[in-house]
Visitor: 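My structure is below; once you've seen it, I'll send some questions.
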There are 2 protein chains.
Amino acid sequence: MGKIKIILADDHQILLDGLSSILELQEDICVAGIYTNGLAMYADIKNTMPCIALVDINMPGLNGHELTLKIKKEFPEIKVIALSMFDDITHIMQLIKAGASGYLFKNTNNDELLKAIRAVADGGTWFSAGVTDKVAAFIKAEKSRQYDPVAPALTGRELEILKLVAMEYSNAKIADSLFISERTVETHRKNMLRKTNHKNMVGLLKYAFDNHLL
Amino acid sequence: MGKIKIILADDHQILLDGLSSILELQEDICVAGIYTNGLAMYADIKNTMPCIALVDINMPGLNGHELTLKIKKEFPEIKVIALSMFDDITHIMQLIKAGASGYLFKNTNNDELLKAIRAVADGGTWFSAGVTDKVAAFIKAEKSRQYDPVAPALTGRELEILKLVAMEYSNAKIADSLFISERTVETHRKNMLRKTNHKNMVGLLKYAFDNHLL
DNA sequence: TAAAAAATACCTTTTACGGGGTATTTTAAT
DNA sequence: ATTAAAATACCCCGTAAAAGGTATTTTTTA
């Protein structure tokens, strides 16, 4: 069986050097290209046609997400492992949706790194422990946040206020519009946030639109 | 030509008495029903089958908007004139969309009231001066706010931040997620608001969704 | 290579919002 | 008629956000 051909992209040369030195020691892995930015990797990828592209997600120019999208679109058979400082769910979901087969943190130890590369080369996936936890929690939260038939509906007055919030009215202006006290508006807002378990009007409005309340 | 048959709904008896006494003096108008709430008017409307329903929009139980929707759905030929303390564009648009042929303020003088009733009975519409001004301004603002191809797009970083805002992240949390300073987040938010002429994140997010930026 | 744009970061002040409650009146439901 | 829910209004406090700027560095564009 041939060696696992891998290419690397990261804007930090030191990290590239470190990665490269680790990987070159492996009998079954060969590093076919090293790039300090996404554009360079993308420009050269049809020449290297690697099995795996290991990409830092935070690069200037073409970032890891954009690079992954492009790679998977043109070369779906090339697998991508994202490398990140972030443990933020937004980036994780973004890269997974873009088709990454793996997501590792930059502080991943060498052993896990190698395991991940081999698993992905073998057709599998590898996400750091924290990543899978976050994804599970995120999906769970999303499901409980999307259309929730059990959640108490908002009252007519609450929705009326929410519509004005959506129109960027301040509490004072809402109060003027509805001929009620600003305190009353504050209480309605507070009640809506509490009812729907949201932190702010942004989230609440999204909830209202998602549930066709507005 | 027959008299204009009209029915009235308002939760303030005094106002009903006043309206009724004015209208009964007119040779061409007859008051066929007087109700202190929307439900009562709705329940009786097929018995009265008036030409015009004059309805206060702020009533308990069935408010003027809901009442108008029901009336126009079941009896599209019955015309509705909304009567309101509000000069708020939300209610105005709401009632117009519900099919009201007129929108008057409660401080409208008798002369205008009669003119409105006659115009509407004649198949026309009648909106108080302030109403038409507000509607025009509102539509103009909406048009300039909806998909605006000339408006500068938001940058990649700005959109990244906006996505996190949409997820109810605080500035601090956004900063942590993106490994940048909270001040930087503040500046990006400020810049986006300024670019798109919005007052707050709520409006900006709506703009972003409307323009398919998110 | 130079210019422009984007990204970053900081400062101050003001305003608005969120979070913690309680209480009374009005309206709706039973 | 009674109870429950909704609507109203108030209080206090702390923090977040918005608004007003400026400045430097990095990246992108021409």
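In what follows, chains carry the letters A, B, and so on, assigned in the order in which the sequence lines appear, proteins first and then strands, with residues in each chain numbered from 1.
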Visitor: Quick one: what's the B/S/- string for nucleotides 18-30 of chain C, heavy-atom cutoff under 4.0 Å, read 5' to 3'?
Guide: SBBB------S--
Visitor: In residues 17-24 of chain B, what donor-acceptor pairs under 3.5 Å come from side-chain atoms, sequence neighbours left out?
Guide:
{"unit_1": "B:Asp17", "atom_1": "OD1", "unit_2": "B:Gln13", "atom_2": "NE2", "d": "3.0"}
{"unit_1": "B:Ser21", "atom_1": "OG", "unit_2": "B:Asp17", "atom_2": "O", "d": "3.3"}
{"unit_1": "B:Ser21", "atom_1": "OG", "unit_2": "B:Gly18", "atom_2": "O", "d": "2.9"}

Visitor: Only counting residues at least two apart or in another chain, list the ones meeting side chain to side chain contact (heavy atoms under 4.5 Å, CB included) with B:Leu193.
Guide: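 Scan of B:Leu193 (side chain to side chain contact (heavy atoms under 4.5 Å, CB included), adjacent residues dropped) gives B:His198, B:Met201, B:Leu204.
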Visitor: So which protein N/O to nucleotides 2-7 of chain C N/O distances come out below 3.5 Å?
Guide:
{"unit_1": "C:dA7", "atom_1": "OP1", "unit_2": "B:Arg157", "atom_2": "N", "d": "3.4"}
{"unit_1": "C:dA7", "atom_1": "OP2", "unit_2": "B:Thr155", "atom_2": "OG1", "d": "2.3"}

Visitor: Establish, yes or no, whether the cationic atom of A:Lys173 lies under 6.0 Å from the six-membered ring centre of A:Tyr169 and within 45° of the ring axis.
Guide: yes
Visitor: Please list, chain by chain and in numerical order, all residues satisfying side chain to side chain contact (heavy atoms under 4.5 Å, CB included) with B:Leu39, sequence neighbours excluded.
Guide: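 By the side chain to side chain contact (heavy atoms under 4.5 Å, CB included) rule, B:Leu39 matches B:Asn37, B:Leu62.
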Visitor: Whole angstroms only, please: what is the CG-C1' distance between A:Leu154 and D:dA5?
Guide: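 In whole Å, D:dA5 C1' and A:Leu154 CG are 15 Å from each other.
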Visitor: For the helix from C:dT1-D:dA30 to C:dT30-D:dA1, what angle lies between the axis at the first five pairs and the axis at the last five pairs, to 10 degrees?
Guide: 80°
Visitor: Out of the candidates B:Ile57, B:Leu95, B:Val55, only one should pair with B:His65 under the side chain to side chain contact (heavy atoms under 4.5 Å, CB included) rule; please name it.
Guide: B:Leu95
Visitor: Just to verify, what does A:Thr187 make a side chain to side chain contact (heavy atoms under 4.5 Å, CB included) with, not counting sequence neighbours?
Guide: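 By the side chain to side chain contact (heavy atoms under 4.5 Å, CB included) rule, A:Thr187 matches A:Asn191.
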Visitor: Separation of A:Glu182 atom CD from C:dT15 atom P, in whole Å?
Guide: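 For the pair A:Glu182 CD and C:dT15 P, the rounded distance is 13 Å.
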Visitor: For B:Glu74, check side chain to side chain donor-acceptor pair (under 3.5 Å) against everything at least two apart and list the hits.
Guide: B:Tyr42
Visitor: Could you tell me the separation between the CG atom of A:Leu205 and the P atom of C:dC17, rounded to a whole number of Å?
Guide: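 Taking atom P of C:dC17 as the reference, CG of A:Leu205 is at 12 Å.
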Visitor: Identify, between A:Ser181 and B:Ala172, the residue whose nearest nucleotide on DNA chain D lies closer to the 5' end.
Guide: A:Ser181
Visitor: Under the rule for side chain to side chain donor-acceptor pair (under 3.5 Å), what residues qualify as partners of A:Asn47, not counting sequence neighbours?
Guide: A:Asp44
Visitor: Which residues satisfy the side chain to side chain contact (heavy atoms under 4.5 Å, CB included) test with A:Ala43, sequence neighbours excluded?
Guide: none
Visitor: Take the protein atom OH of B:Tyr169 and the nucleotide atom P of D:dA16, then report the distance between them rounded to whole Å.
Guide: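 The answer, rounded to whole Å, is 16 Å.
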Visitor: Who passes side chain to side chain donor-acceptor pair (under 3.5 Å) against A:Asn171, sequence neighbours left out?
Guide: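 By the side chain to side chain donor-acceptor pair (under 3.5 Å) rule, A:Asn171 matches A:Arg189.
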Visitor: Mind calculating the distance between CD1 (A:Ile161) and C1' (C:dC17) to the nearest angstrom?
Guide: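 Between C1' of C:dC17 and CD1 of A:Ile161: 14 Å.
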Visitor: OP1, OP2 of D:dT8 versus side-chain N and O of A:Arg183: anything below 4.0 Å?
Guide: no
Visitor: Which salt bridge (charged side-chain N to carboxylate O under 4.0 Å, His left out) pairs, counting each pair once, include a residue from residues 52-63 of chain B, with sequence neighbours left out?
Guide: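 Checked against salt bridge (charged side-chain N to carboxylate O under 4.0 Å, His left out) - neighbours excluded - the pairs reaching residues 52-63 of chain B are B:Asp56-B:Lys106.
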